[in-house]
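Right, one structure below, let's go through it.
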Amino acid sequence: MGNLNSELFAAIDSVADGAEEHELAASVRELMRQYRNRVDPRDQVLASDTDVVAYAAYRLPATFSAARSAFESAAASMPGFAPGTHLDVGGGMGAAVWAASSAWPSLRSTTVLEQSAPAIRLGRRIALRSTAPAVSGSEWERFRLTGAVPDGPRVDLATMSYVLNELPPQVQEDVVRSLARRAGTVVLVEPGTPEGYERIIAARAVLTSEGKSVAAPCPHGHACPITPGEDWCHFSERLNRSGIQRRLKFGTLGFEDEKYSFVAATSEPVERPDGRVLRHPHKRKGLVSLNLCTDAPGIEERLVSKRQGRTYRAARKAEWGDGWPPPEEAGH
Ligand SMILES: C[S@@+](CC[C@H](N)C(=O)[O-])C[C@H]1O[C@@H](n2cnc3c(N)ncnc32)[C@H](O)[C@@H]1O
């Protein structure tokens, strides 16, 4: 299997190359406006062929990168998990389809449920460029969620990436509950905003009430120690912007940081790290300060000094979102 990251980005470039750039730019402006003001669940945001190409060019690289990072974190806590079947709900142009195959190359079949016909057309076209069998052979079904996902065969993995935001609260709960019943493992990704975090925390409660264990990001199964309204659990993924992305986003920076919140919950055995690094570690001369979520109540500020030798060297390498201690340190 080739490098899915570069295959996806090449596929996006090729579809964007065939489009009129001023039309894409107008569509990007409108999509940005709609996503900034809350999406009205009655609206279909990705309504035209231009909209979906615009979304693929300006947003999909970021949602793919966030989903892949969330899935890799989940995979690290479930080392024995090798899913074969996957259901992605609200798939858009397939960000989570590509991301899941990158994190779990064992995947053999993926079904995507999506309401927008233009999104399905483009998602299928892009997927055919993949060397991953679950991506190139993915099956796309037009479906508008108004409650639980439709009945169907059990799947090993179900995902929803940047979709809860577009559903009314009761539908969010019904969809998540039905995914917990239909899939062994469920991973949900949302924007890394206070509201995105609150949707994730509500979904986490539904998943655990259905008997799932939290695999990531939480290093424990207790209630989240963060108080909504005061702070929010989220992570950040840096990605390079392509030329078309830079032009369409009217920005000059060569990269962007995508902030996301997520939860992975499963019926599989989990091997969680003792802690999770929240926020960029503060690295000073001879001292690293880590904000850690652990089994203990509250968020801990852990100071690691140069005198701690090996642990200190590990702390200098630690990044926001990493498990702590790193696996090679855990036995010491
Ligand atoms: C922000 S996009 C995310 C797309 C993709 N999952 C990603 O991560 O890039 C939200 C997607 O959810 C779909 N969606 C929103 N409400 C839906 C509903 N009620 N039923 C089915 N799909 C829905 C939209 O059409 C859109 O493709």
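Counting starts at 1 for both ligands and their atoms, in listed order.
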* Nearest heavy atom to atom 20 (N) of ligand 1: which of Val97, Thr146, Leu145 does it belong to? -> Leu145
* To do: For residues Leu87 and Leu157, determine if any side-chain heavy atom of one lies less than 4.5 Å from a side-chain heavy atom of the other.
  => no
* Work out whether the distance between some heavy atom of Val163 and some atom of ligand 1 is less than 4.0 Å. => yes
* **Plane angle bin for His234 and Trp232 - parallel if under 30°, tilted between 30 and 60°, otherwise perpendicular** => parallel
* Asked: Phe64 near ligand 1, heavy-atom distance under 4.0 Å?
  -> no
* Structure fact -> Of Gly90, Ser116, Gly91, Ala99, the one whose closest heavy atom lies nearest atom 11 (C) of ligand 1 is Gly90
* Atom indices of ligand 1, in the order listed, that fall short of 4.0 Å to a heavy atom of Gly92 -> 4 (C), 27 (O)
* To do: For ligand 1, note which part of Ala95 has a heavy atom under 4.0 Å away: side chain, backbone, both or neither.
  => side chain
* Enumerated ligand 1 atoms positioned under 4.0 Å from heavy atoms of Thr63 -> 7 (C), 8 (O), 9 (O)
* May I ask you to check whether Leu167 has an N/O atom sitting below 3.5 Å from an N/O atom of ligand 1? => no
* Are any of the N or O atoms of Tyr162 closer than 3.5 Å to those of ligand 1? -> no
* Main-chain N/O of Thr85 paired to Asp156 side chain as donor or acceptor, under 3.5 Å -> yes
* With respect to atom 14 (N) of ligand 1, which of Met160, Arg144, Gln115 exhibits the smallest heavy-atom separation? -> Gln115
* Asked: Do other residues, nucleotides or ligands put more than 12 heavy atoms under 6.0 Å from His282 NE2?
  -> no
* **Non-hydrogen side-chain atoms of Ser73 and Arg276 separated by less than 4.5 Å** => yes
* Side-chain contact, heavy-atom cut-off 4.5 Å: Arg199 with Asn165? -> yes
* To do: Determine, for Lys212 against Glu210, whether the closest basic-nitrogen to carboxylate-oxygen distance falls under 4.0 angstrom.
  => no
* Asked: Does NZ or CZ of Arg279 come closer than 6.0 Å to the centre of the six-membered ring of Phe235, within 45° of the ring's axis?
  -> no
* **Contacting atoms of ligand 1, where contact means under 4.0 angstrom from a heavy atom of Phe143** => 20 (N), 21 (C)
